[in-house]
Amino acid sequence: MSAPRLRATPLPGIGVQYDLVTREHRHLSVVAHRDGARTVGVYRAEDPDTCAQSLRLTGAEAGALIDALKPSHHSASLLYTTDLGLVAERVEVAAASRYNGRVLGDTRLRTETGASVVAVLRRAEAIPSPAPDFRLAGGDTLIVIGTREGVDAAAAILQRTGRE
């Protein structure tokens, strides 16, 4: 079987559309929007030019899907957090979050939940091990590690709006 071909088409002012035809001759497309969002389209088998289903994902949702589709490489030195009862997740700081523009220490995430922020993804930059005085911004994606309950609690704290 030959390697699948991925065709990229620039969409001026929008982003790039990637098209893939599977081994079963199904057409799948992903539009990578300039704002980080992704639109996934699945086309009808009987008419590969007609989109049967379309789904728009935020940048964070697209990142989670990428993680599910392409798990990290296997290495003897790689620490599998699930073996230890820990999870690592991406948590987005929304523009409406009360912590947008405030420093990481104000969240009290580690104190309140036991979970730790190990990195912040901002645009095309990764900031590892952010200090408590690191200023958060709407759209930041935090890589949070901890127990399932701790990470869920950290996400809930970060999703609080200024009105709560």
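In this chain, numbering begins with 1 at the start of the sequence shown. From a predicted model like this one, the values you see are computed outputs, not experimental measurements.
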With a 3.5 Å distance limit and no angle check, can you tell me whether Arg26 reaches the backbone of Tyr43 through a side-chain donor-acceptor pair? yes
Rounded distance (nearest 0.5 Å) linking atom CG of Leu109 with atom CD1 of Ile157: 5.5 Å
When you check the side-chain N and O atoms of Ser116 and Arg110, is any donor under 3.5 Å from an acceptor? yes
Kindly indicate whether the side chain of Phe134, heavy atoms from C-beta on, has any atom under 4.5 Å from the side chain of Val120. yes
Taking all atoms of both residues into account, what is the closest heavy-atom pair of Ala52 and Arg44, and its distance? CB-CG, 3.6 Å
Quick check: do Glu89 and Val144 have side-chain heavy atoms less than 4.5 Å from each other? no
Quiz question: by atom type and distance under 3.5 Å, do the side chains of Arg56 and His33 form a donor-acceptor pair? yes
Might you point out which heavy atoms bring Leu57 and Leu65 nearest each other, and give the distance in Å? CD1-CD2, 3.8 Å
Is there a donor-acceptor pair under 3.5 Å between the side chain of Asp140 and the backbone N or O of Val93? no
Any side-chain heavy atom of Glu149 within less than 4.5 Å of one from Asp152? no
Residues Ala155 and Val91: closest non-hydrogen pair is CA-CG1, 3.8 Å
For Glu61, is there an ion pair with Arg90 - N to carboxylate O distance below 4.0 angstrom? no
Listed by chain and number, what are the side chain to side chain donor-acceptor pair (under 3.5 Å) partners of Gln17, not counting sequence neighbours? Asp19
Which atom of Ala154 lies closest to which atom of Thr113, heavy atoms considered: N-CG2, 3.6 Å
Honestly curious: do Val103 and Leu121 fall in one hydrophobic cluster under the side-chain, below-4.5 Å linking rule? no
Other hydrophobic cluster members with Val31, side-chain heavy atoms of Ile/Leu/Val/Met/Phe/Trp/Tyr under 4.5 Å, chained? Leu11, Ile14
Is the backbone of Ser97 close enough, under 3.5 Å, to the side chain of Thr161 for a donor and an acceptor to pair up by distance? no
